[in-house]
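Since the structure comes first, as structure tokens, the remarks are kept for the end.
Lettering of chains follows the sequences in order, A, B, ..., and the numbering in each one begins at 1. These numbers come from the heavy atoms of this one structure, side chains and all, not from hydrogens, waters or symmetry mates.
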Amino acid sequence: MKIAEVFLNQTNKRIDHAYDYRVPVHLESVTQEGIRVVVQFGIGNRRVEAFITKIKETTDYSGKIKEIIENIDMEPVLNREQIELCLWMKTVYCSLFYEALSYFTMAVQIKQEIDYYRNYEKLDLDLKQNWFIEHYFDNANEVLPLKKVKPEDRIILAELIKKKAVYSKKSWKKISDPESRKKSIQSSYHLTAMGREALKQDKKFGKKQCELMEYLLRSDMKGEDLKIITAQYKKSLEPLIKKGYVCVNKTASQEQPLNLSAAGYEHQSVILTHNEQRSYNQYQALTKQTSGVFFHVFDAVSKYRLFFKAIEDQLKANRSSVVIFPEINMTFQRMEMFYKYFGNKVGVFHGQLSPKQRTELYLRIRSGEIKVIIGVRSAVFLPYVNLGLIIIDDEHDSSHNSISMPQFHITDIAKKASEIMGAFYIIADNIPRVATWYRIEKKELAVIQIGEEPRFRHAIEIIDMQKEMHQGNMGILSRTLLRYLQSGIEQKRMSVLFINNLGYANSILCRKCGHVEKCPHCGVSLKYLNHDHSLLCHYCGYKKAVPVLCSECGSDKVRHMGYGIDQLEEYLKKVFSGVRIATVQGNMKRSDIKKINKSIASGEFDILIGTQVINKHFNLSNISVAAAVLIDRDLNQGNYQASENVYQMYSRFFAKAMDNKTKGVIQTNEPENDTIYSIKNESFLEFYRSEIHYRQLMHYPPTVKMISLSVFHKKESEAENDSVRLYVSIKEELKAFGMGQAVYKPVRIGVTRGGNITYQIVIKTAKQSVFQNLMSKIIRLGIIEALKSKVSIQIN
DNA sequence: AGCACGCCGACT
DNA sequence: GTCGGCGTGCTC
């Protein structure tokens, strides 16, 4: 008799453990580890989706064992190594099994469907209920899918289920079956010559029609894109198509082969320079001794060549490789290179793939046809055959952190995955994370320097804005910076201003008593809106006029605090008349980025103002002055990683924007800050030493493990109560380990965008195993489940 | 006694 | 989540 160990697709942490089910004889041939099945669960024997993690001959469970009802998959969706990794993630991140599993099944998703059947016994039903039966269950239809029930009739359906006149049955279907290739047609719209002429002549069009045509004038658009103008774009567009002003091009979009660009490429072999070869020899030696290495990158070109060489060697040994980039939409040029070297063995995995494309890629990886994958963090969970190498590029990038449960950092997953699969991992970055360098210092991770560290130092000045203010300059920019900008404008060389704050101003504060206007409901500082001179709460929408006098001390010295991009732009236009300014911020379209880059190259701007997006997508050269306008706000983010973020962000900015002729400026109210000094000195090691000292002192990661439990509830009192309850339980349990002081009292964090009050409990410990014991006990006792609030766990 | 309701705990 | 058990308390 075969027994299957399964985990159920359900959301209760307390019962999220392995259950034994008997494999019925007729399913023995298809039932294996790694497939999804349907089982009966609970007193009502309801049908529940489950995942088989293990097949065994006997069971330790003394109670009655039920049978598996049916299988959903024909073949395993996870291999043995992936199951192990998934189970490890569940324990380490205290997540549900199915939360961890969801990362592995992204390319082979199934969806639940509910069908209803009627009970033919006679029951007393009211008029409406009888009507429902008559209407939906005519004699031909025994099965009623939920989809067919109109939303307004679902209340009646619920009544019928309660009366047991109707019962439901769940089933699961594959979302994308690559076997059933339906051609999906995508329309793109094009403004005809006639349309262009008509637009020029200012013929009479509707308001929306004009907007649509203006939009199409720039380039052809898909229906999706036009939705930005109006959701009902078709209504306005249809008459235009009829008159011949706009034409439609229909293409079968999904039918494109996955790796189109691979066509026509011959496999090239990688040729290294002398220095690269030396680094590669070091790497090869390390692959025999350890399981991972950090590439400290000073030369990006060499880095890529080493990646290619390493992948090439993996292919020679018939092993697969995966390269993880922070985001894929900006890496098309890089992909080109991969195709050049590895042709049709390359696959690209990212969020914009359709379900069908994902499944196709998944199957081709599983079959071993694709051996080189470039992708975003979730690509690490694909079913590789014989994985030999995991590469993580730009490791500092925050996109490598997952935001949904379980919250992991890709490096931790790569480390464990390589351990399970016998692969090697490379972490590459030009400025390392503090956590990574800590491992290097502790000799847990080897390091290889790629390229030469540049010897010259840029000239970066720190300017004390307090002093500036005392000397009578109340403006946003210091006199030094203004002078530099002026000379840049005269020399027709562009300047770049880095400001990490959108909008006009952050909030307003009283210069006399320091009082900041806050939201009476949420306690967060109110954001200043320029257009109607009011204050707005980000979270609850509370709005009020800016007070003339300080509501605390009555002084009239109420001022803006924190300048935003908009205010800086306004200010610059006032100071330099006729100045040509470009602003870049937030999520920009690829086309917009291209356009701005083109304008920059042709010298159309005097000053570029931007947030951290400057670091990513813009080409800067021959810059007159590169300045950090407002560094303090970033330094005072209020989390322990603030300094690290600031160091990463601003070092990258100066490294990117400056050459040896560029002047660098950092404006600050805190000129003695160590982080600012390290940015000025461009010394990572200097920064690292002071930062690690601080973290050791304060017991922050990476010197200790830090576990944060966030408690969310819509009601303030519930969130507070629950967080205290959880805190007390954790403290009690920790006392058993003699570690009662490792947990800190709940702290009110604030309000989430969804309006949930958040409290946070922090546990700091040197030993993560203690935490895992603790959590499994807390979960067994059902303490979290007993709370009304939602709890999420982050581990650093 | 009969029931309605809400809480609790088990679920292989 | 979802079901039944069980205790409480209300009504007849």
Check your understanding: For A:Q40 and C:dG1, what is the distance between atoms CD and P respectively, to the nearest whole Å?
Key -> 21 Å

Check your understanding: Does A:Y61 lie flat on the base of B:dT12, that is, centres under 5.5 Å apart and planes under 30° off?
Key -> yes

Review point. Taking only N and O in the side chain of A:K64, is any of them less than 4.0 Å away from OP1 or OP2 of B:dT12?
Key: no

Exercise for review: Would you kindly give the CZ-to-P distance between A:F97 and C:dG1, to the nearest whole Å?
Suggested key: 21 Å

**Study point:** A:F408 ring center near A:Y103 ring center (under 6.0 Å)
**Key:** yes

Practice item. Could you say whether A:G63 or A:I43 is positioned toward the 5' end of DNA chain B, judged by the nucleotide with the nearest heavy atom to each? Key: A:I43

Check your understanding: Under 4.0 angstrom, heavy atoms only, what part of the nucleic acid is A:I15 near: base, sugar-phosphate, or nothing?
Key -> base

Review point. Of the candidate nucleotides B:dC11, B:dT12, C:dC3, which contains the atom at the shortest distance from the side chain of A:Y21?
Key: B:dT12

Review point. What is the distance, rounded to the nearest whole Å, between atom CZ of A:F41 and atom P of C:dG1?
Key: 13 Å

Point to revise | Rounded interatomic separation in angstrom, taking CG from A:L8 and P from C:dG1 | key: 15 Å

Practice item. Nearest whole angstrom, please: distance from the P of B:dC11 to the CZ of A:R780. Key: 16 Å

Point to revise | d(CG, A:N9; C1', C:dT2) in whole Å | key: 15 Å

Point to revise | Length of the CD1-C1' vector between A:I784 and B:dG9, whole Å | key: 18 Å

Review point. Are A:R748 and A:E716 close enough for a salt bridge, meaning some N to O gap below 4.0 Å?
Key: yes

**Study point:** Mutual orientation of the aromatic rings belonging to A:Y167 and A:Y117 [parallel < 30°, tilted 30-60°, perpendicular > 60°]
**Key:** parallel

Check your understanding: If you round to the nearest 0.5 Å, how far is CD1 of A:I784 from CZ of A:R725?
Key -> 13.5 Å

Review point. What is the distance, rounded to the nearest whole Å, between atom NE2 of A:H17 and atom P of B:dT12?
Key: 10 Å

